[in-house]
Amino acid sequence: MRPVRARLMTLALCLTAGSLKAHADAGTTTPGAKLTGGYMAMIDRAVESALPEWRSFYKVCHENPELSSQEKESAARLAGIFRDAGITVTEKVGGHGVVGVLRNGQGPTVLIRGDMDALPIVEETGLPYASRKTVTLPDGHTVGVMHACGHDMHQTVLAATAQTLGALKDQWKGTVLFIAQPAEEIGTGARLMIEDGLFEKFPKPDYCIALHVNHELMTGTVGYTPGSVWANVDSVDITVYGKGGHGAYPHASIDPVVTAAHIITSLQTIVSRRINPLQEAVVTVGAVHAGTKHNIIPDTARLQITVRTFTDDVRKEVLDSIKRIAVHTARAMGCPKDPDVVVLDKEFTPACFNDPELTAHGVKVFSEILGEDKVLLRPPSMGGEDFGRFGKHLGVPSFMFVLGVVDEARYKASLEPGGPALPTVHSPMFQTDPEPTIRTGVRCMTALAMSLLNGAHR
Ligand SMILES: [Zn+2]
Ligand SMILES: [Zn+2]
C-alpha cells in the first residue's frame with residue numbers, strides 16, 4: 001500500500017477515481033440543449049455519492065491549518081488526491097505549490113486554482129473540528145493558526161473537482177491544470193509559482209478559474225463581479241530623517257515626528273484631491289514608529305502604508321504622489337536629507353480582473369444549475385487576491401467567483417433588525433456550513449470547467 005493511499009485511508013477518504021466513475025456511470029443525461037449539456041446529471045450523481053468523504057476531508061483541512069509558506073501537509077494531501085484521480089503531479093513548485101496536469105485529448109486548457117494557507121488567529125468558533133494548532137514564529141512568539149479565510153474550503157472544492165473531472169473524462173476533451181497554491185495571504189504564492197516555471201514546464205491555459213468563499217452569502221448561492229474584482233495591493237515604507245536632540249530644545253533639532261505627522265495628513269489629499277472621484281483608491285497609514293522616550297526627539301520616523309487601486313494609471317498616480325508629498329514635506333520642514341520612500345515590489349499583488357465575457361459565460365452556467373436567483377451580482381472589493389496574476393501574466397481571461405458559506409438560519413437571523421452580524425473572513429469566529437457549500441462549489445466549478453473544455457464558451 002503506497003504511503004499516499006495509507007494517508008488517505010486514515011482520513012477516511014475511500015473515494016477513488018474508479019469508484020466515482022462507477023457512480024457517475026449510473027447517471028442519466030439531462031434532456032435539452034443547455035450550456036451544461038448532458039453531463040450535469042452525471043456530475044450531480046458523482047457529487048452526492050462522494051459528499052460524505054469530501055466533508056471529512058474538509059474537516060481534516062480545517063483542523064490542520066498551516067501558515068503561509070508552511071503548507072507542507074496540505075500540499076501532500078492534495079498531491080495524493082490528484083494522483084489517485086489519475087492526474088500527473090509535480091510538487092514543490094514555487095515553495096509548497098502543487099501542479100496537477102490532467103490530459104484528455106485535443107481541446108482547450110483550463111487552469112483551476114485553489115489556495116492552501118491559513119492565518120495566525122486563535123479560532124473561537126467552538127466547532128467540534130476547530131483548530132487547536134499553534135505555531136512558534138521566528139521571533140519566538142507562539143500564535144494560534146486558523147483557516148479563517150476559507151482556504152480549507154478552497155482545497156476541498158479543488159480536490160473534489162479534480163476527482164470529478166478525472167472520473168468523467170468521457171464527457172470532455174482537453175487539458176486541466178490543477179493549481180494548489182501556497183502563500184496567498186502574503187501575496188507571494190502565485191508569483192513564486194510563475195517564477196519557478198509554471199508556464200514553461202506545464203501547459204499554458206486558455207482560461208483561469210477559481211473561487212473564494214464569501215461570508216455575506218448564504219450557502220447554495222454564488223456571486224460574481226464582471227471586470228475589476230480585487231484591487232492592486234502595494235506596500236510602501238517611508239523613513240523620515242530628522243536631527244535628534246533634547247525634547248526641551250526643539251530649536252536645536254529637526255523633529256521627524258512632526259514631519260511624519262504632516263506627511264500623514266497630506267497623504268489624505270491624494271484620494272480626495274488627486275484622483276478622479278469616479279475612480280477607486282485607498283491610502284492607509286497602518287504603522288507609525290518613532291522615538292523611545294518623552295523628552296527625546298528621535299533621529300528618524302518610519303511609516304508603513306497600504307495602497308489599493310484598480311488600474312495601472314491610478315496606481316502610478318498614487319505612488320508618485322506619496323513620494324512627492326514625503327520628499328517635499330521633509331524639505332519644507334528642513335530635514336537634513338530626503339526621506340526614503342520604498343515601494344515593496346515583492347509584496348505587490350496585482351488587481352484581479354474578471355474577463356466580462358468569461359464572467360457572463362460563468363453566470364449562464366451557474367444560473368442553469370442553481371437557478372438565476374442564486375447567482376448574485378456583487379460589488380468589487382478593495383481587498384487583494386493574487387489569483388489575478390496567473391491570467392494577467394499570460395494575457396488570458398480569468399474568472400474568480402465567490403461561494404456563499406453561511407447556513408440559512410444564521411443568514412436569516414443576521415437580516416433581522418438588531419440580528420447578529422455575520423463574522424467576516426479573517427475573524428476568529430468565521431465558519432462555513434460545510435456540506436451544502438462543498439456541494440455548490442464542486443457543482444459550479446466542475447460544470448464551469450467542463451463547459452469551457454467542451455467549447456461552450458463563445
Ligand atoms: Zn484572506
Ligand atoms: Zn482568502
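All figures in this text were calculated on a predicted structure; none of them were measured in a lab. We count ligands from 1, going down the list as the structure has it; atoms in each ligand are counted the same way.
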Within the stated cut-off of 2.8 Å, is an N/O/S atom of Glu184 closer than that to the Zn ion (ligand 1)? no

Please tell me whether Phe399 and Tyr207 form a close aromatic pair, meaning their ring centres lie under 6.0 Å apart. no

Report yes or no: is the cationic atom of Arg315 (NZ for Lys, CZ for Arg) under 6.0 Å from the centre of the six-membered ring of Phe348, at an angle within 45° of the ring normal? yes

Any chance you could measure Phe310, atom CZ, to Cys352, atom SG, to the nearest 0.5 Å? 10.0 Å

Cys149 atom SG and His426 atom NE2 as seen from the Zn ion (ligand 1), angle to 10 degrees: 100°

SB check Lys364 Glu372 (cutoff 4.0 Å): no

Taking both backbone and side-chain atoms into account, decide whether His154 has an N/O/S atom under 2.8 Å from the Zn ion (ligand 2). no

Checking Ser272 against Gln268: is there a side-chain donor and acceptor pair closer than 3.5 Å? no

Among the N/O/S atoms of Glu185, which is closest to the Zn ion (ligand 1)? Give the atom name. OE2

At less than 2.8 Å, would any N/O/S atom of His151, backbone or side chain, sit next to the Zn ion (ligand 1)? no

